[in-house]
Amino acid sequence: MGDANQMSDCTAFRSLDGAAGLTNDEVSVHGIHRREAQQLLYERHAPYLLSVLRGRAARLLRLSPMGAEDLLHETFFRAFARSDSYKCAEDGPSPEEQRRTRAWLGRIAQRLLLDAVRGHHDSPATPEMQDLVDEGPPSSGTSQARLVRDALAELSEREQDILRVTALYYRVGESHQRLPNDVATRLSQSWGISSENVRAIRKRALAKVKKRVEESLLKQKAEALSS
Amino acid sequence: MSEDDKKASLSEEQLESLLASAFREEMIPTSLEEVRRAEAEAGEVKVGEIPAFPEERHRAKARTTSQAEIHSPGEENLRSLADARRQRQGSKPAWLQWGVAASLGAAAAALVMTVWAPQAPTPPIRAGGGELPLPPEPREAEAIVDVSAPCEECCAGVSCTSKPLECASGRSCVSCEPSPEDRFRLRLGDLSWHEQLLGSSDVGAYVCVQVGRSDEECIGKAQEGQSVQTWSKTQGTYSATQLLNGVRLRLRRGKDDALLAEWTRKVSLTPDTRCRGLAVQFTEAKGSPVARLSAFVDDAQFIEVARAASSRELLRLREKFKDPGSLGQIFETSAEGSEHFAFSFGPLSGAQLERVRWLLLDAGQEVQVTTGQDYQGAPR
């Protein structure tokens, strides 16, 4: 067997589809076996994904019944099961290819997490690779988003969690964002309150954030005028 | 509203969009740019620290599925926990198809563990208004799931082999350091009034708890005399970080909710704190002592194995487990029908939780980690 560490993600995913997807050269160079390819992909990307799940996504994960390791494993199971939807790029083994893989795995994990928060377990969670585009920097760095983050920090944990889950289901362009009933039910169960209360708390929390952000915006305007 | 005011106002759409952006930082990176940033911001977990890719777990699940599939039609109400949950949570049409009340009774029986080998159907009994087939009796030959979780790498507790130490909190195994994912509840003991205030203590006082920025949670008003509810727990759960940010207990008078005294501390979850608890000394504004109570920081995580309409079925289920630490308990819940009782292991610390969870998963048992928000009263 050749040096498996040199194998590109593309080759590894194609080997999961069976040797038929590989050229003779690829087989002979890498001596690929399905299990080895899985192991390689897992060892290459699991440390990154687990770090994300335990770090920035930890609060979100807490709202689902899944642990970080559960989600990690489930993500890889899904990715391996749907390796046919992994689309190879021309760049070959490279950091950029690895990032594309990680973004794809991230989408699988995100969908699984979303389903877990909703209490669903069976929906297909493998996004198509062609959905992946470089979307540019997220807009959370804008000054208004920073004001929102400051306002959120003043809310109770319960209020934050309710808004956090709502944000998961945000749909671009819809004027009235709606919290799905099953999500509201699940949230109500985890906080020991009624679904109606969840919606009422959400409404109040939104009003608090709005008020706080608007006050900050006015203050900024006043400061700008005085200077 | 002035023109400037109008410019500073946010539409609902703008606000929701901003919220989604703000929370984006907490989501899993799904674009190349986000991945780049995440890679730059956080180091990766070392390869040696990642859990092995669980081939065995996969096999166990496959075994479970095949067992479920070979139930005879007469046993169709025997379902795995996951199937039962899916049924409850996600498939209203199925409920509607069943339609009649009798089918609700059948759903109530949808407890059951796939670790049981399929057996001949047992005669149904009447329970809760519906036909309630009992799960088959465990056979002697059946595998017992061993959930022995020795207390290792610990710093206190009677079960701690390296430092056996009895804890006032009742904990038998105290880890040396809580993990960041651990959740805790506060449990309050009897309230004792300062002796000079004993005469005026019959005020139906109660205690409100606030941890970090959490909502204040008030724990039951005393029925009579000197105490709040004995061993009252918060319903809310808290992380170690939240506790370190500050715990505030407010003692209030029942009849008019007036603030009598308060106590505030940043609580660090040392082994000593988790073993012995906290001695809370309430003082009034001028610093005079008013009352005191004991507070304990309990683990708040459970591994839920099954739910059922009656405790009897779960008692039988419990026999399937070799559980020397008596970690498995049956809880009454606030849910109704088929979820009124829960069989869970816990409360468990993070290390225990993972150990027990994997023991159960390796045995092909589907489980769910929960903080037991709807558990009520003392477990059995």
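All heavy atoms count here, side chains included; hydrogens, waters and symmetry mates do not. Since the model is a prediction, treat every value here as computed from it, not as a measurement. Note on naming: letters A, B, ... go to the chains in the order of the sequence lines (proteins, then strands), and numbering restarts at 1 for each one.
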Quick one: what part of [X] sits under 4.5 Å from any heavy atom of chain B, side chain, backbone, both or neither?
X: Arg62(A); result: side chain
X: Leu163(A); result: both
X: Leu105(A); result: neither
X: Gln38(A); result: side chain

- Item | Glu177(B) atom CD: more than 12 heavy-atom contacts under 6.0 Å |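 No, CD of Glu177(B) has 12 or fewer neighbouring heavy atoms, counting only those of other groups under 6.0 Å.
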- Message: Atom CD of residue position Glu336(B) - does it have more than 12 heavy atoms of other residues, nucleotides or ligands inside 6.0 Å?
- Response: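 Result for CD/Glu336(B): open.
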- Query: Which atoms of Ser239(B) come close to chain A, meaning under 4.5 Å heavy atom to heavy atom: side chain ones, backbone ones, both, or neither?
  - Reply: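 It is neither, since no heavy atom gets under 4.5 Å.
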- Part of Gln242(B) within contact of chain A (heavy atom distance under 4.5 Å):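 Answer is side chain: those atoms of Gln242(B) sit under 4.5 Å from chain A.
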- Just how far is it from atom CD of Glu159(A) to atom OG of Ser214(B), taken to the nearest 0.5 Å?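 Here the interatomic distance stands at 11.0 Å.
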- Query: Roughly how far apart are Glu354(B) CD and Glu69(A) CD, rounded to 0.5 Å?
  - Reply: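 Glu354(B) CD to Glu69(A) CD: 5.5 Å, rounded to 0.5 Å.
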- Does Thr333(B) have any side-chain hydrogen bond (donor to acceptor under 3.5 Å, both in side chains) partners at least two apart in sequence or in another chain, and if so, which?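 Thr333(B) satisfies side-chain hydrogen bond (donor to acceptor under 3.5 Å, both in side chains) with no residue once adjacent residues are dropped.
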- Message: Within the 4.5 Å heavy-atom criterion, are Tyr48(A) and Val35(B) side-chain neighbours or not?
- Response: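 Yes, their side chains come closer than 4.5 Å.
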- Item | Heavy-atom side-chain proximity of Leu18(B) to Leu147(A) below 4.5 angstrom |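 With C-beta onward as the side chain, the pair stays apart.
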- Query: Going through the checks in order, is the side-chain contact (heavy atoms from CB on, under 4.5 Å) test met by Glu157(A) and Asp215(B)?
  - Reply: CA-CA 7 Å; Glu157(A) 194 184 358; Asp215(B) 287 342; over 6 Å; no
- Message: Applying salt bridge (Lys or Arg N to Asp or Glu O under 4.0 Å) to Arg36(B) and Glu96(A), what does each step give before you reach the verdict?
- Response: CA-CA 9 Å; Arg36(B) 267 183 217 115; Glu96(A) 205 59 13; 2.6 Å; yes
- Task: Carefully, step by step, assess Leu19(B) and Leu206(A) under the rule side-chain contact (heavy atoms from CB on, under 4.5 Å).
- Result: CA-CA 9 Å; Leu19(B) 271 174; Leu206(A) 275 174; 3.1 Å; yes
- Query: Taking all non-hydrogen atoms of both residues, which atom of Arg213(B) and which atom of Glu154(A) are closest, and how far apart?
  - Reply: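 Looking at all heavy atoms of both residues, the shortest contact is NH1-CA, 3.6 Å.
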- Query: Which heavy-atom pair separates Leu60(A) from Met27(B) by the least distance, and what is that distance?
  - Reply: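 Taking every non-hydrogen atom into account, CD2-CG, 3.8 Å.
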